[in-house]
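Below is one structure, written out as structure tokens; the observations come after it.
The structure presented is a predicted model; accordingly, all values stated were derived computationally and were not measured. Every heavy atom of this structure was used, including side-chain atoms; hydrogens, water molecules and symmetry mates were not. Lettering of chains follows the sequences in order, A, B, ..., and the numbering in each one begins at 1.
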There are 2 protein chains.
Amino acid sequence: MNKEEIIDLISKEYSLLTSDCKSELSNNSRIVTPEKNTILVKEGQFSDKTFFIIKGCARAYYLKDGRDISDWFAFENDFICSINSFFLNIPSPHFIEVLEDSLLLEISRENVERLSDKYSDFERLNRIVVTKTMLQQQERIVSIQFQSAEQKYENILSIYPNVTQRIPLTHIASYIGITLETLSRIRKPKKPNLI
Amino acid sequence: MNKEEIIDLISKEYSLLTSDCKSELSNNSRIVTPEKNTILVKEGQFSDKTFFIIKGCARAYYLKDGRDISDWFAFENDFICSINSFFLNIPSPHFIEVLEDSLLLEISRENVERLSDKYSDFERLNRIVVTKTMLQQQERIVSIQFQSAEQKYENILSIYPNVTQRIPLTHIASYIGITLETLSRIRKPKKPNLI
DNA sequence: ATAGTTTTTTCACAAAGGTGAATCTAAATT
DNA sequence: AATTTAGATTCACCTTTGTGAAAAAACTAT
């Protein structure tokens, strides 16, 4: 898949771009192909890049008291970035790593801003990507807030049905805010009620 | 405060608007002054309005198994809307009510969309409002995810220092995902360690 | 295959927070 | 002031989930 096809995909997936805008985006982005477990962003680093995933998957995570907490999963057709660093221009509290050999399109904040200024259709795409993220976060808040461990696990399965095939359970557990041990309990088939 | 001053305030607070855009926004929005405890949006209703708060405060909440769960607080200079209904055009899972006599500017989605199409500076403002919301939600997720009840309470106090003066504790408790009883335990001054 | 590493499951115990009921307080309303 | 109502606190008990350690299973690489 070449860059033009990738950009067409983004344009189709999120919001249509003019051909001028597409070709300028093409000249101001690059394809990266990190292999499994490559760290794209390290904690503490200023990261002004956002990544569109054509193939593969990635996660953002942070270390809280030495523990690895997954905060974001992204798959094909998703964008992922260090949300705080990218939008607030502060050192990233997150690491970002790819969990499979991946094919990504990397775009810098500078170019996102410049293209948003120059092309109102790019500004719109920008707004649509952010809105989608916001709505996903809204769902996630409701899920974490008042669901039991079991409901939260069912919830993530309903959003990403094959997540267990692609993401280690440790990461899934921390993402939904429970321990790996609790997740194990949940996954263990229940005894039928013997009367 | 008249409408032009309010719109200047929005423009200054979020992103500058041209005078054409401001006057068109002025002609396509209305001031509302609901008194304390007025419900602006009911569950199940399609709500295509967003409200900018000039004075007062409001909350979005939903009923889960008959219990009232606060999901959003908004104060002066914040926008509040039924996030799902406004952006996805579905029936609102939330109620929205004002918690004090308030002064609000109401804008319809239709006008938000129309103005976004027509004025790239309005599209930008739109994107900036959504981005700000997304970043607040990000903070909230981190807070609910791995903080103890006590830390979550301290966290909301650090974000809204006088929240306890304006919002009943029941709502604060449900917002941070704990029971009112647990919140009481936390607020009760601890016995000093007697040696 | 074999050894080594990582991931997942299991267990016993502990702690945090939820539950339901009762009580107390403060603010409205008459 | 007296009464009503809504909001906040306290208590005893219970459930869910976390903790630390160990075992089992599933991958990796030699």
Side-chain angles (χ1 to χ4, degrees), chain A residues 35-39 57 59 61 63-70 73 95 97-101 142-157 162-191 193, chain B residues 35-39 57 59 61 63-70 73 95 97-101 142-157 162-191 193:
Chain A
E35 61 182 29
K36 186 172 173 167
N37 296 327
T38 303
I39 306 254
C57 63
R59 70 176 183 122
Y61 66 100
L63 298 179
K64 184 178 161 70
D65 310 325
R67 307 218 259 133
D68 172 321
I69 311 288
S70 290
F73 296 134
F95 294 80
E97 71 170 355
V98 297
L99 297 168
E100 299 170 355
D101 295 350
V142 171
S143 172
I144 325 182
Q145 186 81 317
F146 280 94
Q147 293 189 333
S148 66
E150 186 159 6
Q151 288 171 322
K152 288 189 278 190
Y153 179 60
E154 275 159 18
N155 188 252
I156 194 178
L157 285 182
N162 60 348
V163 71
T164 52
Q165 272 85 68
R166 299 181 74 178
I167 313 264
L169 293 181
T170 334
H171 300 334
I172 295 175
S174 72
Y175 180 80
I176 61 176
I178 65 176
T179 59
L180 177 60
E181 291 81 355
T182 301
L183 182 55
S184 261
R185 277 196 278 245
I186 289 162
R187 285 164 53 83
K188 187 182 175 180
K190 298 193 196 71
K191 293 196 197 96
N193 280 340
Chain B
E35 61 182 29
K36 186 173 172 166
N37 295 327
T38 303
I39 305 255
C57 63
R59 70 176 181 120
Y61 66 100
L63 298 179
K64 184 177 160 71
D65 310 325
R67 307 218 260 134
D68 173 319
I69 311 288
S70 290
F73 296 133
F95 294 81
E97 71 169 355
V98 296
L99 296 168
E100 298 170 356
D101 295 350
V142 172
S143 172
I144 19 186
Q145 186 81 317
F146 281 94
Q147 293 189 333
S148 66
E150 187 160 5
Q151 288 170 323
K152 287 189 279 190
Y153 180 60
E154 276 159 19
N155 188 252
I156 193 177
L157 285 182
N162 60 347
V163 71
T164 53
Q165 274 84 66
R166 298 181 75 178
I167 312 264
L169 293 181
T170 332
H171 300 334
I172 296 175
S174 71
Y175 180 79
I176 61 176
I178 65 176
T179 59
L180 177 59
E181 291 82 353
T182 301
L183 182 55
S184 262
R185 278 195 277 244
I186 289 163
R187 284 164 53 84
K188 187 182 174 180
K190 298 193 196 72
K191 293 196 198 96
N193 281 340

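Listed nucleotides C:dT19, D:dC11, C:dT8 differ in distance to B:K188; the shortest reach to its side chain belongs to D:dC11. Considering only side-chain atoms of A:E181, the nucleotide from C:dG18, D:dT17, D:dA21 that sits closest is D:dA21. With distances taken from any side-chain atom of B:T179 to the nucleotides C:dT9, C:dT19, D:dT10, the minimum falls on C:dT19. Here the side chain of A:K36 is nearest to one of C:dT8, C:dT19, D:dT28, namely D:dT28. Counting only heavy atoms from C-beta on, B:T182 has its side chain closest to C:dG17 among D:dG20, C:dG17, D:dT17. Set against D:dT9, D:dA21, D:dG18, the side chain of B:L180 has D:dT9 as its closest nucleotide.
Proximity of A:T170 to the phosphate of C:dT8: a side-chain N or O atom is located under 4.0 Å from OP1 or OP2. At the phosphate of C:dT7, neither OP1 nor OP2 sits under 4.0 Å from any side-chain N or O atom of A:R187.
Straight-line distance from the CG atom of A:L183 to the C1' atom of C:dT10: 14 Å, rounded to whole Å. Taking atom CD1 of B:I167 as the reference point, atom P of D:dA6 lies 19 Å away to the nearest angstrom. Across the protein-nucleic acid pair, A:D65 atom CG and D:dT19 atom C1' stand 14 Å apart, rounded to whole Å. Taking atom CD1 on A:I178 and atom P on D:dT19, their separation rounds to 12 Å, with Å as the unit. Remark: P of C:dA15 and CD of B:Q151 are 17 Å apart, rounded to the nearest angstrom. Between A:N37 atom CG and C:dT7 atom C1' there is a gap of 13 Å when expressed in whole angstrom units. Rounded to whole Å, the distance from NE2 on A:H171 to C1' on C:dT6 is 11 Å. Taking atom CZ on A:R185 and atom P on C:dT10, their separation rounds to 11 Å, with Å as the unit.
Around CD of B:Q165, the count of heavy atoms belonging to other residues, nucleotides or ligands within 6.0 Å exceeds 12.
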Step by step, work out the side chain to side chain contact (heavy atoms under 4.5 Å, CB included) result for B:F95 and B:D68. CA-CA 10 Å; B:F95 294 81; B:D68 173 319; over 6 Å; no
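Comparing B:K152 and A:L169, the nucleotide of DNA chain C nearest to each residue sits closer to the 5' end for A:L169.
Separation of atoms CG (B:N162) and OG1 (B:T164) is listed at 7.0 Å; rounding is to 0.5 Å. With rounding to the nearest 0.5 angstrom, the CD1 atom of B:I167 is 8.5 Å from the CZ atom of B:R59.
When heavy atoms are screened at a 4.0 angstrom cut-off, B:S184 is found touching base atoms of the nucleic acid.
Residues A:Y153 and A:I178 have side chains not in contact (no heavy-atom distance under 4.5 Å, counting atoms from C-beta outward).
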